[in-house]
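For this chain, numbers begin at 1 and follow the sequence in order.
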Amino acid sequence: MPLVEAMVADPVDGIQYSFAKEYKGPPVPYDLPQALPINVERIPVAAVVAEVPFTHKMSLPVVQPILAQDVMSKKFSKELEPAVGKSVVSPTSVIAFDQSTEDSRRCLSKESDSGSERTVSPTSVIAFEDRVVGNHGCQLSGDLSSSGALEFSNGQIVSGELSDVGNCSRAFACSSISHGNSCELLGDAGSSCTMEFSGSFNKSQRSSCSLRASNCRKESIDFNDIHQVDWVSTESVLSSDYPSSRVSSMKVVNEGGGDGRRSAVTFLDPESDYTYNEEYSQDGPETLRMRQDSLRKGKKGSCYRCGKGNRFTEKEVCIVCDAKYCSNCVLRAMGSMPEGRKCVTCIGFPIDESKRGNLGKCPRMLKRLLNDLEIRQVMTAEKCCEANQLPPEYVCVNGEPLSFEELSMLQTCPNPPKKLKPGNYWYDKVSGLWGKEGQKPSKIITPHLNIGGPIKADASNGNTKIFINGREITKVELRMLQLAGVQCAGNPHFWVNEDGSYQEEGQKNTKGYIWGKAGTKLVCALLSLPVPSKSSNYSGEPDSSLVYRTFPEYLGLQKLLLVGYDGSGTSTIFKQAKILYKDAPFSKEEREIIKLKIQSNVYGYLGIILEGRERFEEDSSAEIRKKLSDEVDPAGSSSVDSDKSMYSIGPRLKAFSDWLLKTMVSGTLETIFPAATREYAPLVEELWNDAAIQATYKRGSELEMLPNVAHYFLERVVDILTTDYEPSDSDILYAEGLISSNGLACVDFSFPQPAPDDDIDTADQHSSLLRYQLIRAHARGIGENCKWLEMFEDIGIVIFCVSLSDYDQFSIDGNGDTVNKMLLSRKFFESLVTHPTFYQMDFLVLLNKYDQFEEKVERVPLTRCEWFNDFHPMISRNRSNSQNNINSSPSLGQLGFHYIAVKFKRLFTSLTGRKLYVSPVKGLEPHSVDAALKYAREIMKWDEERTNFSLSEYSVYSTEESSFSH
Ligand SMILES: Nc1nc2c(ncn2[C@@H]2O[C@H](COP(=O)(O)OP(=O)(O)OP(=O)(O)O)[C@@H](O)[C@H]2O)c(=O)[nH]1
């Protein structure tokens with residue numbers, strides 16, 4: 001009985017296993033299930049797009065996610081009938097192809113022509129056994145329905161998965177993913193996404209990536225040891241039933257074999273009229289990727305995406321391909337702009353150098369479309385991201401292209417050439433004179449930089465026969481020297497130092513100072529020659545600022561990702577970091593926005609109090625009525641007004657209160673109030689001082705809607721609701737809703753330099769020079785299933801924030817169930833630590849709100865949360881007396897903290913096999929946040945340094961206790 005031998009690619013390492021063999025034993029008395037052999041020649045495929053005769057009006061075709069039922073019923077219902085002579089592939093079948101035959105390579109492209117089409121079921125897996133010689137690309141054209149999976153092995157795409165997703169409104173793309181990481185690309189309709197894999201691939205290193213486009217497609221592809229694959233999923237004969245569909249294609253290229261190669265994966269959508277020129281260098285570290293200009297769809301001057309508008313329509317330009325988009329399309333075309341104003345398809349490509357001058361300058365259009373923080377993020381990314389930096393090889397100094405380090409040194413030196421553009425330059429290392437090749441000097445930069453080659457005599461194309469530091473000077477320089485009184489007779493060769501002192505070559509004596517004479521600087525200005533900058537230090541003392549950074553800022557930047565579940569305190573810690581480490585944490589404009597936000601928050605708190613007052617008034621009146629009815633007046637009437645209680649307010653305030661509540665309900669509070677502050681301020685004061693309001697406020701703990709933080713602001717309500725109120729840093733720290741829950745916020749900072757008399761070593765001093773970036777992402781911002789996480793692959797540490805006081809709090813989860821907030825936090829933590837992006841990433845858990853926790857745990861048992869139901873600490877009876885005694889037993893709060901810390905550590909180790917770092921923190925206390933962030937810095941530093949230790953040495957440091965911090 002012949003059984004099909006099938007090969008399955010192992011999803012972890014790509015190794016293929018044979019799971020069935022031909023049975024050779026005695027006949028069996030029962031029926032065995034059969035897998036029918038499949039004729040690969042008969043699998044239906046799409047036509048190549050170029051060959052589909054669509055009219056020019058028609059939008060280019062696309063592979064629509066094919067609903068299995070649709071396709072099968074429309075086109076293949078016949079094939080699906082198990083008729084004699086017609087093979088049907090079972091929905092879960094596994095098909096093996098022997099790639100060694102030419103037939104199998106042709107298999108999928110030719111089939112559509114044949115009349116005998118067969119469909120591959122949506123859930124089928126196609127495995128290709130690799131016997132491909134060389135770099136033969138395998139082209140697949142076919143329908144892949146929504147949940148179809150492709151499996152290739154060595155030399156091919158390893159596995160792919162397509163699944164439907166809903167429309168995506170904002171596009172995001174990420175490029176350059178490294179081993180073991182995964183990446184999801186989101187593109188909107190008609191866009192294409194590009195991702196590049198750098199480095200090597202081998203069987204144990206896997207990367208996965210996925211692309212999502214708003215035409216309801218999601219593709220997720222895993223790669224393993226790729227040679228060269230072109231995989232095209234294009235409109236097929238089948239999908240011509242779907243005229244609005246578009247084509248999507250993917251190209252994987254990796255020339256050469258073995259490790260150490262670079263591969264690029266490009267998702268192309270023919271609707272986006274782009275072309276790429278890509279070159280891959282096998283031995284060099286660089287991948288040269290040039291993006292050609294994009295093509296416009298509509299008439300001249302129209303938007304490149306929608307084709308509407310004319311040359312007068314305001315448009316934003318892609319800094320790579322020069323495509324111009326109208327305000328309706330710009331966000332869709334450019335997505336979340338991780339590298340600034342680039343089409344999603346241009347992400348990862350170098351910018352058009354002519355646009356370098358505009359980097360980081362925010363255009364008006366974006367100011368309208370994005371909020372302040374987003375603009376700042378986009379503009380910072382545009383200026384600082386790696387892809388947009390000037391490629392070092394574009395700058396030649398003294399005839400030699402610069403290396404990466406040389407360019408960094410040049411750009412970060414104390415007196416760098418301004419607005420450095422690609423080009424050929426000469427540099428006199430002794431004097432610091434700098435100019436364009438063949439031209440007079442344009443600047444005096446920092447001398448003695450070890451960059452480029454030795455200066456050439458004809459560097460500035462001089463013809464005066466007079467030399468400075470080996471360069472023949474230009475006529476205009478000679479004129480300047482003469483005017484400065486320098487003796488130039490006899491064609492001397494001068495040796496000029498950076499301070500302008502000069503001597504003739506071979507002589508010891510300084511003859512004078514070129515720029516020393518009064519009037520020389522004026523002469524230089526008239527002749528457009530440079531003079532030493534004011535900041536130049538000629539004192540002979542070593543200048544501490546001359547400690548050049550080896551790397552440019554964007555590379556030295558260590559990124560810390562701060563995440564946490566709702567209300568865990570990430571915003572507070574983020575704001576605290578800004579206040580701690582920035583000289584001017586908030587600009588004037590920001591403070592103005594914050595002021596309005598605080599004021600509208602305060603009106604909101606007032607509204608909650610007014611609502612409470614109504615409730616208390618009703619309750620109180622009902623009580624009075626009840627009392628009255630119990631003690632009936634013999635005259636039949638009561639002298640007490642049952643409608644009046646301590647919570648009643650006068651008609652004027654009542655009218656104001658009703659109006660305020662109505663405004664709150666209508667959701668227009670934020671629009672009306674801060675603006676109307678001047679008008680209502682006196683009324684607010686009257687209201688706040690009213691006895692009824694004060695009585696209500698005293699019962700604030702009964703008002704569930706009133707957050708704890710409200711008390712901080714309400715105590716000063718009158719001051720805050722005046723027009724000249726200016727929020728203090730502390731107000732900003734306490735204020736709710738200043739950072740968008742869905743967006744990202746980031747701040748760059750350095751830890752302050754320790755005071756000179758502090759007992760610190762030079763390493764600490766050095767680390768204060770390093771730059772850090774704290775990125776705060778909200779659980780909601782990270783998205784369902786952590787889909788945005790891939791963009792954080794270059795961070796150094798994840799700081800996961802947990803609110804300790806959440807153990808008795810409940811919230812609604814994604815399924816609408818009420819769940820303990822600590823458990824929700826744990827679930828979020830689990831999804832982060834197991835996410836491929838954070839494979840091997842250090843995690844620091846900050847157990848926040850330690851102050852609240854210490855107080856609460858004395859009242860509310862920790863076992864209120866089911867995860868902590870085995871918390872049964874031994875409590876000393878003398879505990880309360882021994883609080884201040886150093887030798888006393890720990891407080892319940894400390895025990896609770898340790899217990900929760902260990903819970904998280906064990907969980908982390910069980911999920912990752914690694915160690916978790918935990919620290920308590922009080923987000924509202926600057927010292928506590930400072931200590932926590934410095935702890936994160938130490939972890940990152942340790943992470944870098946531990947490679948220097950041998951394994952045995954390392955084990956000394958990896959004690960359990962070392963990961964606790966207090
Ligand atoms: N007592 C106390 N309150 C804190 C602490 N940290 C934060 N809070 C308060 O907790 C509340 C939630 O903190 P946020 O920083 O807004 O938390 P978040 O995680 O950003 O939460 P979202 O509001 O969901 O964005 C705020 O009212 C903070 O003032 C802390 O250490 N102690």
Side-chain angles (χ1 to χ4, degrees), residues 562-575 601 604-605 608 611-612 699-714 733-739 741-742 776-782 799-832 845-873 891-904 907 918-925 928 932:
L562 177 65
V563 274
Y565 193 72
D566 276 9
S568 59
T570 53
S571 310
T572 307
I573 292 174
F574 180 83
K575 286 183 281 184
N601 284 350
Y605 304 145
I608 295 169
E611 228 170 25
R699 292 176 61 186
S701 57
E702 294 171 53
L703 306 173
E704 302 85 30
M705 299 297 288
L706 196 68
N708 283 339
V709 71
H711 300 281
Y712 173 86
F713 291 103
L714 284 173
L733 191 64
Y734 278 82
E736 291 182 295
L738 295 189
I739 303 174
S741 291
N742 296 322
R776 184 263 188 187
H778 198 275
R780 266 169 279 161
I782 280 180
I799 302 177
F800 188 85
C801 203
V802 178
S803 165
L804 274 174
S805 57
D806 272 358
Y807 68 91
D808 68 333
Q809 303 287 304
F810 289 83
S811 184
I812 311 289
D813 73 356
N815 305 322
D817 299 327
T818 306
V819 183
N820 181 290
K821 277 181 89 175
M822 189 58 87
L823 298 183
L824 288 172
S825 207
R826 181 182 74 176
K827 196 170 164 212
F828 182 45
F829 177 69
E830 285 170 347
S831 55
L832 285 188
V845 165
L846 293 186
L847 295 178
N848 189 26
K849 305 193 190 175
Y850 187 56
D851 52 332
Q852 257 180 21
F853 176 74
E854 278 189 307
E855 179 269 320
K856 184 186 261 186
V857 78
E858 300 280 350
R859 293 183 284 114
V860 186
L862 197 54
T863 46
R864 191 65 67 82
C865 169
E866 63 185 71
W867 191 25
F868 305 144
N869 56 13
D870 56 346
F871 178 67
H872 303 299
S891 70
L892 195 58
Q894 286 168 329
L895 290 171
F897 159 74
H898 276 274
Y899 171 85
I900 297 175
V902 170
K903 280 276 183 190
F904 271 98
L907 175 66
V918 183
S919 175
V921 71
K922 297 174 188 171
L924 295 172
E925 291 181 15
S928 176

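Closest non-hydrogen pair, E854 versus E858, comes out as O-CG, 3.4 Å. Pairing each heavy atom of G923 with each of I573, the nearest pair is CA-CG1, 4.3 Å. Scanning both residues, E704 and E702, for their nearest heavy atoms gives OE2-O, 3.1 Å. The two residues V918 and A901 come nearest to each other via the heavy atoms CG1-CB, 3.7 Å. In this structure, V563 and A777 approach most closely via the heavy-atom pair CG1-O, 3.2 Å. Closest of all the heavy-atom pairs between V921 and A932 is CG2-CB, 4.0 Å.
Formation of a donor-acceptor pair under 3.5 Å by the D813 side chain with backbone atoms of N815 is found in this model. Judged by distance alone, the side chain of K575 and the main-chain N or O of L738 form no donor-acceptor pair under 3.5 Å.
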Evaluation steps, side-chain contact (heavy atoms from CB on, under 4.5 Å), between S803 and K821: CA-CA 9 Å; S803 165; K821 277 181 89 175; over 6 Å; no
From CA spacing to verdict: side-chain contact (heavy atoms from CB on, under 4.5 Å), F871, I900: CA-CA 9 Å; F871 178 67; I900 297 175; over 6 Å; no
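Between the NE2 atom of H872 and the CG atom of L895 there is a distance of 13.5 Å, given to the nearest 0.5 Å. Between atom CG of residue L862 and atom OH of residue Y899 there is a gap of 6.5 Å, rounded to the nearest 0.5 Å. Atom CE of M822 sits about 8.0 Å away from atom OG of S805, to the nearest 0.5 Å. Atom CZ of residue R776 and atom SG of residue C801 lie 9.5 Å apart, to the nearest 0.5 angstrom. Here the straight-line distance linking atom NZ of K856 with atom CG of D851 works out to 11.5 Å at 0.5 Å rounding. Atom CG of residue D808 and atom CG of residue N820 lie 8.0 Å apart, to the nearest 0.5 angstrom.
Relative ring orientation between Y712 and Y734 is described as parallel, the plane-to-plane angle staying below 30° on a 0-90° scale split at 30° and 60°. A tilted orientation is assigned to the rings of F904 and F800, their planes being inclined by 30° to 60°.
Remark: K827 is not positioned above the aromatic ring of Y565, lacking an NZ or CZ atom under 6.0 angstrom from the ring centre and at most 45 degrees off the axis.
Two residues are said to be in side-chain contact when any heavy atoms from C-beta on lie closer than 4.5 Å; T572 and L733 meet this criterion. Considering only heavy atoms from C-beta on, L823 comes within 4.5 Å of R826 through its side chain. You'll find the side chain of F829 stays beyond 4.5 Å of the side chain of V802, heavy atoms only. With contacts defined as side-chain heavy-atom distances shorter than 4.5 Å, the pair P873/L892 qualifies.
At a threshold of 4.0 Å, the pair K903-D870 counts as salt-bridged, since one of the basic side-chain nitrogens sits closer than that to a carboxylate oxygen.
Separation of the F897 and F853 ring centroids does not fall under the 6.0 Å cut-off.
Residue Y605 is tested with H711, E736, M705 for a side chain to side chain contact (heavy atoms under 4.5 Å, CB included); the sole match is E736.
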